[in-house]
*Asks:* 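I'd like to ask you about the structure that follows.
Counting starts at 1 for both ligands and their atoms, in listed order.
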Amino acid sequence: VVDKKVRLGIIGCGVIGKQHMKAAMEADWIELAGVADVNPEAAQLAAEQFGAQQVYPNADLLLEDSSIEAVVLAVPTNIRTAIALKALANGKHVLLEKPVALHEKEVRQLIEAQGELTVAVCSSRFRFLEHADAARRWIEEGNLGEVRILRCRVNEPAGKRPAAPPPAWRLHTAINGGGIVANWGIYDFDYLLGLTGWTLQPKWVLSHLWQLPEPIADYFPPNSDSETYGSAFIQCENGTVITFERGEFMAAPLERSWQIIGSKGSLTLHMTWPSEKTILCTTLDAESGAQTRTLWEGTEDSSWVDKGPVIDFTRSILDGSKPATGLQEALVLQQILDAVYQSARSGAPVQISSDRGTEPS
Ligand SMILES: NC(=O)c1ccc[n+]([C@@H]2O[C@H](COP(=O)([O-])OP(=O)(O)OC[C@H]3O[C@@H](n4cnc5c(N)ncnc54)[C@H](O)[C@@H]3O)[C@@H](O)[C@H]2O)c1
């Protein structure tokens with residue numbers, strides 16, 4: 001029996017907004033108090049499908065409803081911060097979709113406006129999977145020793161010509177803050193930095209980005225400026241290195257690999273699909289050398305990727321705990337993204353200063 005419920009509003013009734021509504025409907029401590037969308041049909045259909053108590057034609061009217069105490073912002077990145085600031089000014093807890101923001105300045109504005117309210121970010125998604133919990137516990141036991149390298153290498157090969165171009169937010173950095181790096185790299189960085197307990201502060205970033213390769217350049221409309229392939233070398237303050245590569249529409253075979261390598265041990269991980277997976281841990285000792293065994297094996301309940309953020313967010317509101325990714329963590333993620341884009345533009349390394357933000361070298 002749940003004695004306290006969170007009255008939740010969801011702004012944005014598109015693909016991901018509806019996933020949040022499904023999660024809200026299934027959690028008995030959440031009341032879906034209202035949904036809003038500038039597309040009235042989308043709002044009405046979603047409200048009917050998920051049993052929302054009220055439908056609003058825009059974000060402002062939902063934010064003026066004083067009975068709603070928390071909101072999910074499932075709208076594109078370029079309009080999200082302004083809505084979040086308004087929500088915070090109206091005393092509402094906020095769950096932000098990813099990417100966090102367009103740039104670091106927006107995250108700092110949110111931190112300034114937060115006060116005692118809970119703000120969480122959905123880049124945490126893949127850390128709600130069961131294997132991630134086993135990995136986090138293994139790391140907390142001190143099995144890594146000194147963390148040396150966090151590695152992400154994901155290449156998704158191009159499929160056959162798509163019937164329609166991707167949605168606008170995926171095509172324009174002015175809407176999304178970037179292409180594949182903002183879109184999926186933010187999950188990779190949240191996963192690797194979150195599993196290692198948010199102890200790393202990135203300092204130097206050198207990156208390169210590429211757009212759709214020539215043979216399939218017309219998969220996106222000609223005005224798209226989103227990168228589809230990104231690579232970065234990131235050095236943290238304590239010397240830990242993050243090597244990052246993420247590509248979609250690639251002229252390369254499928255590869256998905258994440259690894260955390262320490263001085264005493266390492267983890268060979270798998271953040272995404274397939275949900276049937278094996279997570280390996282390796283430990284080192286002077287007699288037998290490196291020994292690798294299975295840390296976790298099974299078929300994960302992948303619905304946690306969609307429902308995890310809203311469950312974690314509302315529980316944080318109810319019990320006062322910290323969400324999986326809050327604004328301080330989001331600031332580090334945004335600093336990485338900003339530095340990746342800045343370095344790719346300048347062709348030079350970019351220094352991240354923990355208090356002043358990114359600066360050209
Ligand atoms: N599609 C996915 O699988 C997915 C997964 C995770 C995160 N996200 C993130 O969620 C965000 C939205 O993605 P999506 O796929 O749901 O997009 P979408 O286009 O399907 O939905 C966005 C919705 O927001 C509405 N909207 C736009 N401006 C608005 C405003 N000012 N006020 C109220 N509603 C407004 C649109 O009408 C639309 O219904 C993106 O930032 C994306 O990165 C998407």
*Asks:* As a check for students: among Asp306, Leu96, Ile16, Val38, identify the option with a heavy atom nearest to atom 4 (C) of ligand 1.
*Replies:* Ile16

*Asks:* Look at ligand 1 and say whether Arg80 reaches it with a heavy atom at a distance under 4.0 Å.
*Replies:* yes

*Asks:* Roughly how far, to the nearest 0.5 Å, is the CG atom of Leu95 from the CD1 atom of Ile311?
*Replies:* 11.5 Å

*Asks:* Mind checking whether Tyr187 and Phe126 have parallel, tilted or perpendicular rings, split at 30° and 60°?
*Replies:* perpendicular

*Asks:* By the definition side-chain contact (heavy atoms from CB on, under 4.5 Å), identify the one residue from Val121, Thr77, Val107, Val71 that meets it with Leu96.
*Replies:* Val121

*Asks:* Which bit of Lys98 gets closer than 4.0 Å to ligand 1, counting heavy atoms only: side chain, backbone, both or neither?
*Replies:* both

*Asks:* Distance to 0.1 Å, residue and atom name: give those for the protein heavy atom nearest to atom 11 (C) of ligand 1.
*Replies:* Val75 O, 3.8 Å

*Asks:* What protein heavy atom is closest to atom 2 (C) of ligand 1, reported as residue, atom name and distance in Å?
*Replies:* Val15 CG1, 4.0 Å

*Asks:* Checking side-chain contact (heavy atoms from CB on, under 4.5 Å) between Leu200 and each of Val332, Asn238, Val241, Ile234, which is the one that passes?
*Replies:* Asn238

*Asks:* Compute the shortest N/O to N/O distance between Asn39 and ligand 1 and return yes if it is under 3.5 Å, no if not.
*Replies:* no

*Asks:* List every atom of ligand 1 that sits less than 4.0 Å from any heavy atom of Gly12, numbering the atoms from 1 in the order shown and giving each element.
*Replies:* 24 (O)

*Asks:* Distance to 0.1 Å, residue and atom name: give those for the protein heavy atom nearest to atom 22 (C) of ligand 1.
*Replies:* Ala74 O, 3.9 Å

*Asks:* Considering non-hydrogen atoms of the protein only, which is the closest contact for atom 7 (C) of ligand 1, and what is the distance?
*Replies:* Glu97 OE1, 3.1 Å

*Asks:* Under 4.0 Å from ligand 1, counting heavy atoms only, is it the side chain of Tyr187, its backbone, both or neither?
*Replies:* side chain

*Asks:* With a 4.0 Å cut-off on heavy atoms, is Gln19 touching ligand 1?
*Replies:* no

*Asks:* For ligand 1, which atoms have a heavy atom of Thr77 less than 4.0 angstrom away?
*Replies:* 41 (O)

*Asks:* Checking contacts here: is it the side chain or the backbone of Ile79 that comes within 4.0 Å of ligand 1, counting heavy atoms only? Could be both or neither.
*Replies:* side chain

*Asks:* Looking only at N/O atoms, are Ala59 and ligand 1 under 3.5 Å apart anywhere?
*Replies:* no

*Asks:* Please could you name the atoms of ligand 1 that Arg125 approaches to less than 4.0 Å, counting only its heavy atoms?
*Replies:* 6 (C), 7 (C)

*Asks:* Indicate yes or no: at least one non-hydrogen side-chain atom of Asn155 is less than 4.5 angstrom from one of Arg153.
*Replies:* yes

*Asks:* Among all protein heavy atoms in this structure, tell me which lies nearest to atom 17 (O) of ligand 1, with the distance rounded to 0.1 Å.
*Replies:* Trp169 NE1, 3.3 Å

*Asks:* For the backbone of Val154 and the side chain of Arg256, can you confirm whether one donor and one acceptor N or O come within less than 3.5 Å of each other?
*Replies:* no

*Asks:* Parallel under 30°, tilted from 30 to 60°, perpendicular over 60°: which one fits the rings of Phe189 and Phe244?
*Replies:* tilted

*Asks:* If you have a sec, work out which protein heavy atom is nearest atom 21 (O) of ligand 1 and how many Å separate them, to one decimal?
*Replies:* Gly14 CA, 3.2 Å

*Asks:* Give me the nearest non-hydrogen protein atom to atom 23 (C) of ligand 1 as residue plus atom name, then the distance to 0.1 Å.
*Replies:* Asp37 OD2, 3.7 Å

*Asks:* Is it the case that more than 12 heavy atoms not belonging to Glu116 sit under 6.0 Å from its CD atom?
*Replies:* no

*Asks:* Between Trp210 and Tyr229, does the ring centre distance come in under 6.0 Å?
*Replies:* yes

